[in-house]
Amino acid sequence: MELRLDRASAAVMELSAALDRYEDAQEAIASLEAYYGSDEWRKDFADDEAGRLPQDLKRGVLSEDAVWNLLSDNRDLKARIREMSSLGTNPKE
């Protein structure tokens, strides 16, 4: 039981810290969602295609898949959190 307490305590502390980081990231995710597919994104994408952006510029947001995958993963994670919270504290429910 002591080992279970230790493992569970560590897991709860790690999840709490991860949820803090996740909560903090929601503003950035909302900004990315608004940007993705917007006129601004389309202009940036066209500028990249035309070679008007610096070659050493990181372009993950222009790859289409990176932002789409993040938004999809975020939706899935929110659903998982809702599902887990609806189970209550009894793991046999």
Side-chain angles (χ1 to χ4, degrees):
M1 285 298 137
E2 195 67 27
L3 180 58
R4 287 180 178 187
L5 174 63
D6 291 345
R7 288 176 47 197
S9 294
V12 167
M13 289 176 52
E14 291 168 13
L15 180 57
S16 180
L19 285 173
D20 287 343
R21 291 189 307 274
Y22 180 68
E23 186 176 20
D24 290 343
Q26 292 307 299
E27 184 178 330
I29 292 170
S31 294
L32 284 166
E33 188 168 25
Y35 172 71
Y36 183 68
S38 69
D39 290 341
E40 181 183 6
W41 182 89
R42 285 191 273 291
K43 180 188 178 308
D44 291 344
F45 185 82
D47 286 346
D48 186 42
E49 291 287 304
R52 290 189 286 265
L53 299 180
Q55 289 299 313
D56 62 343
L57 185 67
K58 197 171 173 188
R59 306 173 149 66
V61 297
L62 299 178
S63 70
E64 298 183 67
D65 289 342
V67 177
W68 175 263
N69 290 342
L70 171 68
L71 297 175
S72 178
D73 290 346
N74 189 53
R75 280 189 296 276
D76 292 348
L77 186 53
K78 284 182 176 184
R80 183 176 173 194
I81 290 169
R82 279 191 300 274
E83 183 180 320
M84 288 186 70
S85 68
S86 71
L87 293 177
T89 57
N90 185 350
K92 294 183 180 185
E93 287 182 350

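A pairwise comparison of heavy atoms in Gly60 and Ala66 identifies O-CB, 3.3 Å as the closest pair. When all heavy atoms of Leu70 and Leu32 are compared, the pair lying nearest together is CD2-CD1, 3.6 Å.
Using a 4.5 Å cut-off between side-chain heavy atoms of Ile, Leu, Val, Met, Phe, Trp and Tyr, with links allowed through other members, Ile29 and Trp68 fall into the same hydrophobic cluster. No continuous path of ILVMFWY side-chain contacts below 4.5 Å connects Leu77 to Tyr36, so the two sit in separate hydrophobic clusters. Placement of Met13 and Leu19 in two distinct hydrophobic clusters is found when ILVMFWY residues are connected by side-chain heavy-atom separations under 4.5 Å, directly or transitively.
Residues satisfying the side-chain hydrogen bond (donor to acceptor under 3.5 Å, both in side chains) criterion with Lys58, sequence neighbours excluded, are absent altogether. By the side-chain hydrogen bond (donor to acceptor under 3.5 Å, both in side chains) test, Asp39 pairs with Arg42, sequence neighbours left out. For Asn69, the side-chain contact (heavy atoms from CB on, under 4.5 Å) test picks out Asp65, with sequence neighbours left out. For Ser38, the side-chain contact (heavy atoms from CB on, under 4.5 Å) partners are Tyr35, Glu40, Trp41, not counting sequence neighbours. In this structure, Asp73 has no side-chain hydrogen bond (donor to acceptor under 3.5 Å, both in side chains) partners at least two apart in sequence or on a different chain.
Members clustered with Leu3: none, using a 4.5 Å side-chain heavy-atom cutoff among hydrophobic residues.
Pairs passing the side chain to side chain donor-acceptor pair (under 3.5 Å) check and including a residue from residues 4-23, sequence neighbours excluded, read Tyr22-Asn74.
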Only distances under 3.5 Å count here; give the side-chain donor-acceptor pairs of residues 49-56 to other protein atoms, sequence neighbours excluded, each with its distance to 0.1 Å.
unit_1	atom_1	unit_2	atom_2	d
Arg52	NE	Asp47	OD1	2.9
Arg52	NH2	Asp47	OD1	2.9

